[in-house]
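The structure under discussion appears below in the form of C-alpha cells.
Numbered from 1 within each chain, the chains take letters A, B, ... in sequence-line order. Everything numeric here is computed off the predicted structure, so don't read it as measured data.
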Number of protein chains: 2
Amino acid sequence: MKATIKDVAREAKVSISTVSYAINGNERISEETRKRVLEVAKRLNYVANGNAKMLKQKKTRAIGLFFNSWFGPIYSEIARGIERTVHKMGYDLVACSLYGEEHSTAYKYLRDRMVDGAIVLTNSFDDQFLHSVASEDLPLVVLDREIQAPHIYSILIDNFGGAFAATKALISSGCKEVYFFSGPQDSYDNQKRLDGYIAALGYFNVEFNKDFIIPADFTEESGYQQMKALLAKGIAPRAIFSGNDEMAIGIIRAAREHGVTIPGDLRLVGFDDIRESEMTVPALTTISHQKLEMGTLAAETLFSAINGDDNIDSPKIIPTNLIKRETL
Amino acid sequence: MKATIKDVAREAKVSISTVSYAINGNERISEETRKRVLEVAKRLNYVANGNAKMLKQKKTRAIGLFFNSWFGPIYSEIARGIERTVHKMGYDLVACSLYGEEHSTAYKYLRDRMVDGAIVLTNSFDDQFLHSVASEDLPLVVLDREIQAPHIYSILIDNFGGAFAATKALISSGCKEVYFFSGPQDSYDNQKRLDGYIAALGYFNVEFNKDFIIPADFTEESGYQQMKALLAKGIAPRAIFSGNDEMAIGIIRAAREHGVTIPGDLRLVGFDDIRESEMTVPALTTISHQKLEMGTLAAETLFSAINGDDNIDSPKIIPTNLIKRETL
DNA sequence: CTGAAAGCGCTTACAG
DNA sequence: CTGAAAGCGCTTACAG
C-alpha cells in the first residue's frame, strides 16, 4: 500500500503537521527536522495524495483543454502554445475530448470543477452550459467563437480580414469571377470568411454571384468532390478562394486529374496555412495565422482571469497574413 | 459558492448519508425521499465534489494517456480507439503531455496516482520510472516498446514483418540495391524495421551494404535533405525502403526537384500509412497497420488488468500489410 | 520550532 | 428506510 503522511510522521517521529510543513518547504521547520523528514519520505516513497490536497486547498492547479477532434494539424500547434504557458505558470494541463457528449470526460470535468480554468477548442458545448459553469473560480477561454458572458473570454482569428485579403489578392490577379468553397454553414470560422469574401467583392465592385459559393464541409474530400462536380459540368473556375487549406488540397487534386493547371488555368488561395500546404504541388498560397501564439495568448488570458485581473479584453483577435506560394 | 452535500441535506431535511445514497441510486432510499433529494440537488445545482469522492473511494475512474507530441497523424488515430473503449467502460480519459520532463503533468499524474491506469505513447519515461509506478492498482500499457515487468503490458506493431514485406516487394520488383532511410538510432520502431530490412536481404541472398543505410530521423525534412545529398553526390537509388512515411514524402519532394521519376527511376515504399501518404504525387506505397485497433486493444488490455485478469498476453502484436499505391 | 485539532466533502459500515 | 459517526489524507490556523 501507498505511504501516507501518517507513515512518514511515525517513522520520522514528528507530527503530521511537521511533515506537511517540511515537505511543502515551510520556513518554520528546522533544517535538521526537515532533512530527516525528507529522508524518510524518500525512503518510504511518499508522494502526497493529490485528492486530499485538492480537497483541502480547493485548488487543482490544473487547466483543462477541451476539444472534439484528436488533433487536426491546427489544434496541435495551438496546444503546444498552451502547454508551454501552462507549464511555465506551474500548472498542469489535462486534455479531455468531448467524445460521448454530455457523458464525455470534458463535460464531466467542467461540471465537477476538476480544473481551475479551461480552454475550450470546440463548439460542441452549448453556450448555456458554458455560462452555467464559468465563474470566478473557473474562468473559461474559448477559441474561435464569440461568446459574451462574465468569466468567459474569446480569442478569435481575424477570419474576416484574412478572407478579405485572400479575395483581394485573387481579384488583383486579374480575375473577376472568384469562387468561394465554403465550409459547413454552422461553422463560425466559415461564416466570417464568407463575410470577408463578400466584403472584398463589394469593395472592388465585383458583383456577388451566389452560384460562385460552393458548399462543402472543410474536408479535403469535399473540396475534391465539389471541384470534380464543377469540372464535370463544364465549369472551369479561374479563381478560387477555399475556406480552408484541406479543401484546397482536394481542389488541387481534382484539378490535376482534369488537366487543369495551377496557377495557369486556375488561381487558388487557401486558409490556415497547415503544414501540408507548403508540400502540395504546386505549393499552396494561403492565409496564415499564428497558431502557437494563439495558444499562448489563450493561456495567458486564462491566467490573467485566474489571478483576478478584471480588466481583460475580450474578444482578442489574432492577425492573419497572406503567404504567397505557387498557386497564386 | 458551490453547493455541497450538506446544503442539499439541510434543504431536503434529511441527513447527508441519505443524500449520498439517494444520489448514488442506493436501493434502500424510499422513492419519495429520493425524489425530494434529487429535486433539491437540482435546484441547488449540486454536483458531488470529485476530489472528496476519490479520496474516499480511492478510485479515480480515470485513465491517463501520456504522450510527448501533440499528436502526429498516427497517434490521433490510436487515441480515437482508446477513447472509445475507455468511454464504453465508463471511465474518463485524460491526456497529458510530457512537456517539462520530470516536471510535466504526465510524470506528476503517474507519480501521484491521479489515474487508475495509464497508456503510455512515448519513450520519454525511463523504464525504471515505469517499473516503480506500475502496480496492481495502477497497471500500465505501453505502446511500441518492449518492457518486461509486472503490471506493465506492451502492444507492438509488427515492425519486423512489415519491413520484411516492404523490402521483399522492392527486391521482387527487380532491384537488388535497396536503400534504407533510417529513423533515429534510439527508436525502437526503427531498430525493428532495420532488422526486418536486413532479414529480407538475407532471405533473398542480397548482400547487405551499409552504405545503403541512410541516417535520418523520421522527419520529412530529414528525408528530403538526405535524398538531396545523395543525388548531389551523383548517387541515384533505384529502390528505397523508407523507415516511415514522413521521410518518404521528403524523398518524393527531393526526387521531383531533381527530375527523378517515381516509380520509373525510383521505387519507394514507406511505413505507417499516414493520411498524407495517399495524397502524395505519386501516391505512396506503404506498410499499413491498424491504428484504431491498436488503441482499442491497448485500452482493452488495460481494463483486463484493472479488473484483475492475471493472464494477459504481453506483448501483443498488431499485424501490418502492404498497401500498393503508385510508388512501387 | 513543533504539535493537537479542526475541517475540506464525501462514502459507508453500523445501529436503530 | 434513515441518521450519527468514523474516516479517506491532507492543510492550516492556533497554541505553546
Side-chain angles (χ1 to χ4, degrees), chain A residues 1-41 44-62 108-109 111-116 137-138, chain B residues 1-41 44-62 108-109 111-116 137-138:
Chain A
M1 220 29 248
K2 251 203 108 193
T4 74
I5 197 171
K6 273 187 199 164
D7 301 321
V8 179
R10 187 177 351 94
E11 286 288 307
K13 302 194 194 311
V14 292
S15 70
I16 60 165
S17 8
T18 298
V19 174
S20 176
Y21 289 133
I23 283 180
N24 293 311
N26 189 309
E27 299 284 324
R28 73 221 293 180
I29 303 297
S30 71
E31 198 45 50
E32 196 199 324
T33 308
R34 179 196 316 289
K35 241 182 90 183
R36 182 154 40 90
V37 170
L38 259 31
E39 269 165 14
V40 172
L44 298 187
N45 223 330
Y46 170 73
V47 203
N49 179 305
N51 288 125
K53 213 163 180 163
M54 290 174 198
L55 175 57
K56 190 63 191 153
Q57 301 189 144
K58 310 207 171 199
K59 290 245 178 280
T60 63
R61 290 197 77 80
K108 179 167 186 233
Y109 274 41
R111 199 166 23 211
D112 293 6
R113 287 148 204 273
M114 302 290 284
V115 291
D116 291 346
D137 296 326
L138 179 37
Chain B
M1 219 28 244
K2 251 202 108 190
T4 72
I5 197 171
K6 274 188 200 164
D7 301 320
V8 179
R10 187 175 355 93
E11 287 287 308
K13 301 194 193 312
V14 291
S15 71
I16 59 164
S17 9
T18 300
V19 175
S20 176
Y21 289 133
I23 284 181
N24 293 312
N26 189 306
E27 300 284 325
R28 73 220 292 182
I29 303 297
S30 73
E31 198 44 51
E32 198 199 321
T33 309
R34 179 196 316 287
K35 241 183 91 183
R36 181 153 42 91
V37 170
L38 260 30
E39 269 164 14
V40 172
L44 298 187
N45 223 329
Y46 170 73
V47 203
N49 179 305
N51 287 125
K53 213 161 181 163
M54 290 173 198
L55 176 57
K56 192 64 191 155
Q57 302 189 143
K58 308 205 172 203
K59 289 248 177 279
T60 63
R61 290 198 78 79
K108 177 165 187 236
Y109 274 41
R111 199 166 24 210
D112 292 6
R113 287 148 204 273
M114 301 289 284
V115 291
D116 291 346
D137 295 325
L138 179 37

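The shortest non-hydrogen separation linking A:A41 to A:I23 is CB-CD1, 4.2 Å. The shortest non-hydrogen separation linking A:T4 to A:Y46 is C-CE1, 3.4 Å. Between A:I16 and A:A9 the shortest heavy-atom distance is CG2-CB, 3.7 Å. In terms of heavy atoms, A:L138 sits closest to A:R113 at CD2-CG, 3.7 Å. The two residues B:V14 and B:V37 have their closest heavy-atom pair at CG2-CG2, 4.0 Å. Of all non-hydrogen atoms in A:R36 and A:K13, the two that sit nearest each other are NH1-O, 4.2 Å.
Atom-to-atom, CD of A:E31 to P of C:dT2 comes out at 11 Å; the value is rounded to the nearest Å.
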How is the base pairing of DNA chain D summarised as a dot-bracket string, given the Watson-Crick and G-U wobble criteria with both distances under 3.5 Å, [ ] for crossing and | for another strand? |||.||||||||.|||
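Using a 4.5 Å cut-off on side-chain heavy atoms (C-beta onward), B:M114 and A:M54 make contact. In this structure the side chain of A:K53 never reaches within 4.5 angstrom of the side chain of A:T60, judged on heavy atoms. The shortest distance between side-chain heavy atoms of B:D137 and B:D116 does not fall below 4.5 Å.
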Per-nt protein contacts along nucleotides 9-16 of chain D (heavy atom under 4.0 Å; B base, S backbone sugar-phosphate only, - none) come out as BBBBBB--
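No hydrogens or angles considered: a donor-acceptor pair under 3.5 Å links the side chains of A:S15 and A:T18.
Interface residues of residues 32-40 of chain A facing DNA chain D, ordered by number: none; criterion, heavy-atom separation under 4.0 Å.
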